[in-house]
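Okay, so here's the structure we're looking at.
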Amino acid sequence: GLFDATIEQMVALAVLMPIVASIGGNAGTQTLAVTVRALATNQLTQSNTVRSIWREVRVALLIGATVAVIAGIGAGLIFSNWTLGAVIAAAILFNILLAGLSGVAIPVFLDRLDQDPAVSSSIFVTMITDSMGFLIFLGLAVFAGLAGCATLPKLNRSAEPVEARPAYKRPSTGSGLRLNFEVRLKL
């Protein structure tokens, strides 16, 4: 992937990545539960939606700042790298803000589409907090100079095959073995 070189250069990033994603997921799930309950009990209506979203963003900012300071100091002390501590603090803060916003916006959006937000909101919130948490954390690490980012390979326009070898592919229906040839191109 694009960040493979980044993670290889600094193993501490691999240790801290799940923390960013899981804290964001927890914050998003909590906001989601409160929002779905408010929708179910008719406490969240079209007239107070903007006010409710703003309230959840403020709460996420407060919680995010608190957790970010604690995690940043902890990472800075454990890894003896204050830049790394600042990167994880910023990533946690941004991810919790994103989690709070998506935790309230996604169920409201699904409710406006006449879909049950209790059924499908959690998968969207989890997808957003996990993927964006990793992207924010690794992107900030590269931006802060903790590690370099891999460059995308240039394509060889001649498209000459380098290697052709049989590859096993499971048949989609029926039984039996099907051989296909896989061709790798020089990049």
Side-chain angles (χ1 to χ4, degrees), residues 2-3 6-7 10 12-79 81-147:
L2 188 61
F3 291 110
T6 304
I7 296 169
M10 188 166 202
L13 296 175
V15 172
L16 296 173
M17 276 188 345
I19 295 171
V20 175
S22 65
I23 288 175
N26 293 341
T29 302
Q30 177 62 34
T31 305
L32 174 71
V34 170
T35 304
V36 169
R37 181 185 174 279
L39 286 168
T41 58
N42 292 323
Q43 293 174 345
L44 183 58
T45 61
Q46 287 188 357
S47 62
N48 66 359
T49 298
V50 173
R51 186 179 59 215
S52 296
I53 290 173
W54 177 238
R55 182 184 67 227
E56 290 301 329
V57 167
R58 288 191 320 246
V59 169
L61 182 62
L62 178 64
I63 293 171
T66 304
V67 173
V69 167
I70 293 168
I73 291 172
L77 289 172
I78 290 171
F79 293 103
N81 187 334
W82 293 107
T83 304
L84 179 61
V87 165
I88 192 165
I92 286 174
L93 176 62
F94 290 138
N95 201 23
I96 289 178
L97 277 171
L98 185 63
L101 184 61
S102 62
V104 71
I106 289 172
V108 167
F109 178 72
L110 290 173
D111 186 59
R112 299 296 186 263
L113 294 175
D114 289 327
Q115 299 299 313
D116 185 4
V119 174
S120 57
S121 294
S122 63
I123 189 67
F124 292 114
V125 171
T126 301
M127 178 197 63
I128 289 170
T129 57
D130 286 356
S131 59
M132 292 306 295
F134 290 146
L135 180 67
I136 291 167
F137 181 57
L138 293 174
L140 286 173
V142 169
F143 182 74
L146 289 174

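Contacts of Ser122 classified as side chain to side chain contact (heavy atoms under 4.5 Å, CB included), with partners at least two apart in sequence or in another chain: Leu32. In this structure, the side chain to side chain contact (heavy atoms under 4.5 Å, CB included) partners of Trp82, at least two apart in sequence or on a different chain, are Leu77. The side chain to side chain contact (heavy atoms under 4.5 Å, CB included) search around Ala91 returns Val20, Ile136, Phe137, Leu140, not counting sequence neighbours. Every side chain to side chain contact (heavy atoms under 4.5 Å, CB included) that Ala71 has, sequence neighbours left out, goes to Ile92.
To the nearest 0.5 Å, atoms CD1 (Ile78) and CD1 (Ile73) are separated by 12.0 Å. One distance of note links CG of Leu110 with CZ of Phe124; it measures 6.5 Å at 0.5 Å rounding. Rounded to the nearest 0.5 Å, atoms CG (Leu16) and CG (Leu84) are 5.5 Å apart. In this structure, the separation between OG1 on Thr66 and CG on Leu62 is 4.5 Å, given to the nearest 0.5 Å.
Listed by first and then second residue, the side chain to side chain donor-acceptor pair (under 3.5 Å) pairs involving residues 47-65 are Thr45-Ser47, Thr45-Asn48, Thr49-Arg112 (not counting sequence neighbours). For residues 126-147, no residue pair satisfies the side chain to side chain donor-acceptor pair (under 3.5 Å) rule, not counting sequence neighbours.
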**Step-by-step side chain to side chain contact (heavy atoms under 4.5 Å, CB included) determination, Ile23 to Asn95** = CA-CA 8 Å; Ile23 288 175; Asn95 201 23; over 6 Å; no
**side chain to side chain contact (heavy atoms under 4.5 Å, CB included) evaluation trace for Leu146 with Asn81** = CA-CA 10 Å; Leu146 289 174; Asn81 187 334; 3.8 Å; yes
**Item:** side chain to side chain contact (heavy atoms under 4.5 Å, CB included) between Val125 and Thr31, worked out
**Value:** CA-CA 10 Å; Val125 171; Thr31 305; over 6 Å; no
**Item:** side chain to side chain contact (heavy atoms under 4.5 Å, CB included) between Ile53 and Leu101, worked out
**Value:** CA-CA 7 Å; Ile53 290 173; Leu101 184 61; 3.8 Å; yes
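The shortest side-chain heavy-atom distance between Leu93 and Leu61 falls under the 4.5 Å cut-off. The closest side-chain heavy-atom distance from Pro117 to Thr35 is not below 4.5 Å. Side-chain contact between Val36 and Asp111 is absent, with no heavy atoms from C-beta onward closer than 4.5 Å.
Shortest non-hydrogen contact noted between Gly24 and Ala99 is O-CB, 3.1 Å. Closest non-hydrogen pair, Gly100 versus Ala60, comes out as CA-CB, 4.1 Å. Nearest heavy-atom pair, Gly85 versus Ala75, reported as atom, atom and distance to 0.1 Å: CA-CB, 4.2 Å. Residue Ser22 comes nearest to Ile19 through the heavy atom pair OG-O, 3.2 Å, listed as atom of the first residue, atom of the second, then distance. Between Pro107 and Ser102 the shortest heavy-atom distance is CD-O, 3.8 Å. When all heavy atoms are compared, the tightest approach of Leu97 to Val57 is CD2-O, 3.8 Å.
The environment of CG in Leu113 is crowded: more than 12 heavy-atom neighbours from other residues, nucleotides or ligands sit within 6.0 Å.
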